[in-house]
Amino acid sequence: MQKHLVGKKMNKMNCQYKIILASNSPRRKELLAGLDIDFRVEVKPGIDESYPETLPPDEVSLYLSQLKAAAYRDDIAADEMILTADTVVIVDGIILGKPKDAAEACHMLRMISGRTHHVVTGVSLTTQQKQRSFKVSTEVTFKALSEAEINYYVEHYQPFDKAGAYGIQEWIGYVGVVSLKGSYFNVMGLPVQRIYEELAHF
């Protein structure tokens with residue numbers, strides 16, 4: 001298990017739990033740090049992230065956040081809370097995961113080109129006593145992307161660690177996103193406003 005501290009910050013919320021982010025995503029670390037709360041990162045390797053094929057696409061991220069939480073639950077101390085999350089991109093009822101190579105990344109970008117898709121992030125906040133799980137959905141519309149734009153982005157940004165083969169905060173988001181309905185930060189990978197509200201009332 002990898003462990004490291006992420007910046008000492010003033011805990012303005014006076015949260016009674018020590019928060020653990022179960023993710024190595026640099027974007028999730030950055031977003032959670034933006035809430036000015038103390039947290040540390042712990043990542044367990046080899047967690048099974050498969051899900052039932054009968055599960056509706058918009059329920060998958062929630063299911064996976066709970067599945068990840070289950071891997072940590074036996075190790076949580078009484079004063080700790082584990083935060084697990086999963087983000088999926090859905091177009092035409094099809095889940096676009098992380099592309100395995102450049103060809104698949106280009107294929108995914110062609111699928112979302114000139115279309116509206118949904119980005120759904122499932123989050124679970126888990127302690128020894130209880131678990132609060134929720135999902136946040138954002139609607140994203142892209143302009144029609146040219147082959148030159150798709151190839152340029154994949155070649156220069158190599159979005160192989162991103163669901164749907166794109167990062168909205170990168171070049172492709174600057175030139176391609178024409179409208180967005182919902183949380184921008186959710187598309188980046190963590191609906192921090194909703195998380196802030198949930199922590200405040202946990």
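Atom set for the values below is all heavy atoms of this structure, side chains included, hydrogens, waters and symmetry mates excluded.
Between E170 and R27 there is no salt bridge, since no side-chain N of the basic residue sits under 4.0 Å from a carboxylate O of the acidic one. Ion pairing between a basic and an acidic side chain is recognised when a charged N comes within 4.0 Å of a carboxylate O; D86 and K68 show such pairing. For the pair K18 and E80, the salt-bridge criterion is not met [side-chain N within less than 4.0 Å of a carboxylate O].
Between the side chains of S133 and Q66, at least one donor-acceptor pair of N or O atoms lies under 3.5 Å.
Geometric assessment of R132 against the ring of F202 yields a negative cation-pi assignment under the 6.0 Å and 45° thresholds.
Of the possible polar contacts, one joining the K44 side chain to the A71 backbone as a donor-acceptor pair under 3.5 Å is found. The closest donor-acceptor contact from the side chain of T84 to the backbone of S65 lies under 3.5 Å. The backbone N or O of K100 sits less than 3.5 Å from a side-chain atom of E104, completing a donor-acceptor pair. Side chain of D48 to main chain of S50: a donor-acceptor pair is present (N/O by atom type, distance under 3.5 Å, no hydrogens or angles). At distances below 3.5 Å, at least one donor-acceptor pair connects side-chain atoms of S113 with backbone N or O atoms of L145. Judged purely by atom type and a 3.5 angstrom limit, K135 uses its side chain to pair as donor or acceptor with the backbone of D58. Although no hydrogens or angles enter the test, the distance criterion places a donor-acceptor pair under 3.5 Å between the side chain of E149 and the main chain of S146.
The CG atom of L31 sits 8.0 Å away from the OG atom of S25 when rounded to the nearest 0.5 Å. Here the CD atom belonging to Q193 is positioned 11.0 Å from the CG atom belonging to N186, to the nearest 0.5 angstrom.
Among all heavy-atom pairs drawn from T87 and G189, the shortest one is OG1-O, 3.5 Å. For the residue pair I76 and T126, the shortest heavy atom distance occurs at CD1-O, 3.8 Å.
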Residues R28, E30; criterion salt bridge (Lys or Arg N to Asp or Glu O under 4.0 Å); working and verdict:
CA-CA 5 Å; R28 289 192 177 129; E30 177 187 357; over 6 Å; no
Assess the residue pair I19 and L199 against the criterion (side chain to side chain contact (heavy atoms under 4.5 Å, CB included)); give the C-alpha distance rounded to whole Å, side-chain angles, the decisive distance to 0.1 Å, and a yes or no.
CA-CA 10 Å; I19 298 172; L199 287 173; 4.0 Å; yes
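Both L190 and M81 belong to a single network of hydrophobic side chains, linked directly or stepwise wherever heavy atoms of I, L, V, M, F, W or Y lie under 4.5 Å apart. F134 and Y17 fall within the same hydrophobic cluster, defined by Ile, Leu, Val, Met, Phe, Trp and Tyr side-chain heavy atoms under 4.5 Å apart, directly or through other members. Side-chain heavy atoms closer than 4.5 Å link hydrophobic residues (I, L, V, M, F, W, Y) into clusters, and following such links, possibly through other members, connects Y196 to V187.
In this structure, the ring of F142 has its center less than 6.0 angstrom from the ring center of Y166.
In H107, the NE2 atom is not crowded: 12 or fewer heavy atoms of neighbouring residues, nucleotides or ligands sit closer than 6.0 Å.
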